[in-house]
Amino acid sequence: MHILSRFLVCWACVILSLLTGIVHGIDQVGRPSNLVFNPQKILAGLNATMFIRLLRETKLADYIDGSQPERKITLLVPTNRAMEDAFGYGLGDDADEEQATNTYIKALKEHGLDGASDITSALGALSAGSPRERQLEWALYHIVEGQNGLEELVRTPLLRTKLAGEWTGGKAQVVKAQVDQAHGTLSRHVSFNGADNILPEPVVVGNTTIYLLSSPMPTPPNLINALVQDLDLSLFVAAMGASGTADEIQHVNGVTVLAPVVSSFTSLDLVWSYLSLPGDTDARADLSRLIKSHILKRPVYSDEIPMHTDSSAETLTVESLNGNKVGMYRTPHGVFVVADQASLQHSSRRKTQKHGEVYARLANVADTGSLKLSDTDILLRTGVAHVLGQGLILPPNVEITSPKLLRGMKAHIFANLLERFNLTYVLQDPRTNSSRRRWQSNRVTIRSSDIPDSDVVGYSILVPSDKAWRENAAYRELARRDHEELRSAEDDENPWRNSTTLDIVRHLDMLVRLHIIPVVGGGAEPNPTYGNPLPESQLLLADRKTYPTLLEGVRLRAHEFASDRFSVQLDRAPFYQSPGGVPFISFATVVRSGVARTGAVFELDAMLKLPPDDGGSPGGWKKFAWNAAVWLTGIGMGSGLLGASGYWVRQWWTRSDYQSL
């Protein structure tokens with residue numbers, strides 16, 4: 001009204017000067033009693049005539065004609081230029097205007113609508129071929145419930161519009177307002193979904209507040225179009241497509257999307273390698289469950305999430321499309337998500353922060369058990385999306401097992417050797433009676449005898465790649481004998497060429513057992529509850545810690561040579577192997593890892609070597625005899641050399657005393 005009053009005063013001064021040549025200054029201007037301002041007249045004064053026409057065409061004129069003065073609303077009005085940019089037509093396109101108007105009127109009559117009542121049910125009947133089929137949605141999206149001045153926008157930046165439909169589950173679509181701080185004498189800048197308000201302050205007429213926008217404010221896009229604008233969410237979108245859930249999710253009405261970033265997927269290491277396997281039915285099903293666990297069945301905006309205080313710890317719980325429950329709450333530090341995870345339990349946490357970070361990388365659960373949202377309220381046509389800044393939800397019905405992790409790293413040779421040597425029990429849960437019976441029936445003479453059977457609760461596996469196995473001479477010879485057609489000229493120089501098949505099998509069996517670490521549970525009885533994951537303290541590698549293997553009397557030592565980077569080597573192995581004094585090196589670096597229910601799988605960049613005693617050199621009494629012979633030979637040769645030297649010196653000394661005649 002302040003702007004309008006100044007406008008009338010200026011025109012009154014101009015008229016007086018033209019009629020009398022005299023200008024009189026007045027403090028107030030009189031207004032006839034029959035002169036009533038409504039939002040429509042104010043919009044006409046702001047030259048927003050195309051917005052007025054739009055509301056008339058869509059039967060929404062009662063929002064601006066003053067027929068319901070008690071209704072409180074906020075109008076976000078684009079300029080005429082912005083309207084032209086949005087719909088691609090000008091004020092003179094009467095034919096298109098008439099066609100669009102007839103289409104909307106016909107749709108309204110078919111639904112028995114009167115005015116703007118129950119207007120959302122008519123949206124589905126609009127002609128799909130019309131170039132302005134979304135005009136009604138567009139108009140409703142620019143009408144906001146309640147009056148919102150600058151102070152209200154600062155307190156509640158999420159505005160509920162009149163646009164609601166089946167695609168949102170009947171919930172109102174939202175506009176995001178942003179109010180910048182004022183600088184000096186400049187007024188505060190306001191924008192709505194990125195569209196700038198060009199008025200120095202909003203215009204208020206009765207119970208209606210008006211903002212004038214300089215650019216179009218389109219309705220929220222669909223899920224895929226909204227997420228692909230952020231490259232950090234590209235892997236989540238790709239996973240939706242790979243799992244075959246993209247179309248299904250886009251057609252679900254009223255959802256909340258918790259979108260993980262790229263690093264959350266890649267940090268899964270072998271778990272992600274398995275989930276992203278092409279053509280794997282189990283991987284596709286598990287990936288589908290993982291994706292659906294991030295899609296909640298109702299739109300939840302950030303201002304609807306309860307705040308945790310000293311007196312209240314309320315959490316909003318919503319069910320996902322996967323069926324798991326997801327909780328959400330706010331603190332002064334941000335918005336957090338809590339959900340049941342299929343990864344490791346928190347019953348045995350590391351005492352140091354560094355080890356907690358290691359666990360968080362493998363299990364993808366923050367130390368607090370919550371996942372923090374890094375970005376909130378990405379507007380979607382069917383709801384809203386929030387970004388998980390770190391970690392993701394791995395639901396309980398996504399069962400990660402050691403065989404799946406082996407498939408993820410494509411360790412086909414190692415899996416075949418486990419089956420050949422009756423070692424597949426290490427891929428199962430030994431805490432179940434059936435698995436333990438299979439384990440005891442498959443036991444052979446080569447095993448770790450210093451660990452009681454009842455103490456083993458799982459197995460962690462160090463897996464060399466298939467390339468490393470193909471470079472192993474013993475495996476190449478065994479593969480040649482299994483498949484004679486694979487023979488090549490290089491096999492003629494294989495050191496195992498003249499060995500018996502039994503010797504080769506025994507050597508490879510010991511080599512496989514060297515790469516298997518039993519997980520010891522402290523002598524506890526087998527857990528009858530199948531499915532409980534082992535605590536992470538029993539699965540993860542620790543710096544300078546030794547681990548037993550299935551090879552009798554052989555232990556491995558882990559070293560953390562960089563932050564969260566480990567290497568493994570034989571514990572107490574000699575640097576030189578006898579005989580011959582050849583340097584002995586058995587060392588490998590962990591490339592990737594993954595955590596399963598009953599153990600971890602670590603991918604190695606190289607294959608560990610067997611200890612010298614088990615690599616073909618003499619052992620037991622033969623080793624003692626060999627060492628004794630070496631020592632006696634050395635002593636004999638040393639004594640002989642010393643005697644010969646003494647005899648030569650004596651001869652030389654005696655000869656020096658002779659005198660010639």
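Values reported hereafter were calculated over all heavy atoms of this structure, with side chains retained and with hydrogens, waters and symmetry mates removed.
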Heavy-atom closest contact (Ala226 atom, Ile378 atom, distance):
CB-CG2, 4.5 Å

Any side-chain to backbone donor/acceptor pair from Arg381 onto Pro220? Under 3.5 Å, distance only.
no

Does the Thr161 side chain pair with the main chain of Gln173, one donor and one acceptor, at a distance under 3.5 Å?
yes

Quick one: does Asp375's side chain have a donor or acceptor within less than 3.5 Å of a partner on Val387's backbone?
no

Is there a donor in the side chain of Thr58 and an acceptor in the side chain of Gln135, or the other way round, less than 3.5 Å apart?
no

Do Arg160 and Tyr301 meet the cation-pi criteria used here (NZ or CZ under 6.0 Å from the six-membered ring centre, within 45° of the axis)?
yes

Is there a side-chain contact between Leu163 and Thr219, using heavy atoms and a 4.5 Å cut-off?
yes

Taking Ser67's backbone N and O only, do any of them form a donor-acceptor pair with Asp65's side chain (distance below 3.5 Å, no angle check)?
yes

If only atom types and distance count, is the side chain of Thr168 paired as donor or acceptor with the main-chain N or O of Gly254 below 3.5 Å?
no

Ignoring hydrogens and geometry beyond distance, is a side-chain donor-acceptor pair present between Ser320 and Asn322 at under 3.5 Å?
no

Which is it for Leu140 and Leu60 under the side-chain contact (heavy atoms from CB on, under 4.5 Å) test, yes or no, and what are the steps along the way?
CA-CA 8 Å; Leu140 289 171; Leu60 301 176; 3.7 Å; yes

Which value, rounded to the nearest 0.5 Å, describes the distance between Leu380 atom CG and Gln250 atom CD?
10.0 Å

Is any side-chain heavy atom of Ile143 less than 4.5 Å from a side-chain heavy atom of Leu55?
yes

Side-chain contact test, heavy atoms from C-beta onward, threshold under 4.5 Å: evaluate it for Trp272 versus Leu287 and give yes or no.
yes

Distance in Å, Leu227 CG paired with Leu233 CG, rounded so as to fall on 0.5 Å steps
5.5 Å

Pair Glu319, Arg298 - check salt bridge (charged side-chain N to carboxylate O under 4.0 Å, His left out), show working.
CA-CA 8 Å; Glu319 185 179 0; Arg298 50 166 284 200; over 6 Å; no

Say whether, by atom type as modelled, one donor and one acceptor occur between the side chain of Asp377 and the main chain of Ser302 under 3.5 angstrom.
yes

Can you tell whether the side chains of Lys72 and Glu145 come within less than 4.0 Å, N to carboxylate O?
no

Measuring from atom CG of Leu258 to atom OG1 of Thr376, what distance do you get when rounded to the nearest 0.5 angstrom?
11.5 Å

Which value, rounded to the nearest 0.5 Å, describes the distance between Thr208 atom OG1 and Leu43 atom CG?
9.0 Å

Spatial distance of atom CG (Leu394) from atom CD (Glu399) [nearest 0.5 Å]:
11.5 Å

Side chains of Asp303 and Thr156: any donor to acceptor distance under 3.5 Å?
no

Between Asn207 (side chain only) and Pro69 (backbone N and O only), is there a donor and an acceptor less than 3.5 Å apart?
yes

Assess, by modelled atom type and distance only, whether the side chains of Ser273 and Arg592 contain a donor and an acceptor separated by less than 3.5 Å.
yes

Would you say Ser312's side chain and Thr309's backbone share a donor-acceptor pair under 3.5 angstrom?
no

Please identify each residue that fulfils ring pair (Phe, Tyr, Trp, His ring centres under 6.0 Å) with Tyr211, with sequence neighbours left out.
Phe192

Determine whether Leu296 and Val255 make a side-chain contact, defined as any pair of heavy atoms from C-beta on separated by less than 4.5 Å.
no

Please list, chain by chain and in numerical order, all residues satisfying ring pair (Phe, Tyr, Trp, His ring centres under 6.0 Å) with Trp138, sequence neighbours excluded.
Phe87, His142

Examine the side chains of Ser293 and Asn324 and answer whether a donor and an acceptor come within less than 3.5 Å of each other.
no

Measure from NZ or CZ of Arg330 to the centre of the six-membered ring of Phe336, then state whether that distance is under 6.0 Å and the direction lies within 45° of the axis.
no

OH-OG distance between Tyr329 and Ser370, expressed to the nearest 0.5 angstrom
3.0 Å

For Lys297, the side chain to side chain donor-acceptor pair (under 3.5 Å) test, sequence neighbours excluded, returns none

Tell me if a side-chain donor or acceptor on His386 pairs with a main-chain N or O of Val300 at a distance below 3.5 Å.
yes

Would you find more than 12 non-hydrogen atoms of other residues, nucleotides or ligands less than 6.0 Å from Glu304 atom CD?
yes

A side-chain contact here means heavy atoms from C-beta on lying under 4.5 Å apart; do Asn80 and Thr49 qualify?
yes

What closest approach, in Å, do Gly391 and Ser264 show between heavy atoms, and which atom pair accounts for it?
N-OG, 3.0 Å

Got Gln147 and Val204 here, is their nearest side-chain heavy-atom distance under 4.5 Å?
yes

Determine the minimum heavy-atom distance between Leu290 and Ile393, stating which atoms define it.
CG-O, 3.7 Å

Can you give me the closest heavy-atom contact between Ala177 and Leu153, atom names plus distance?
CB-CD2, 4.0 Å

Backbone N/O of Ala239 and side chain of Ser243: donor-acceptor pair under 3.5 Å
yes

Any side-chain heavy-atom pair of Leu275 and Phe265 under 4.5 Å:
no

Go through the structure and list residues passing ring pair (Phe, Tyr, Trp, His ring centres under 6.0 Å) with His251, not counting sequence neighbours.
none

Contact list for residues 224-239, test side chain to side chain donor-acceptor pair (under 3.5 Å), sequence neighbours left out
Asn222-Asn225

Across all chains, not counting sequence neighbours, the side chain to side chain donor-acceptor pair (under 3.5 Å) partners of Asp286 are Tyr274, Arg289, Lys404

On a heavy-atom basis, which atom in Glu314 and which in Pro306 lie closest, and how many Å separate them?
O-CG, 3.5 Å

Restricting to non-hydrogen atoms, name the atom on Leu379 and the atom on Val174 that form the minimum distance, rounded to 0.1 Å.
CD1-O, 3.1 Å

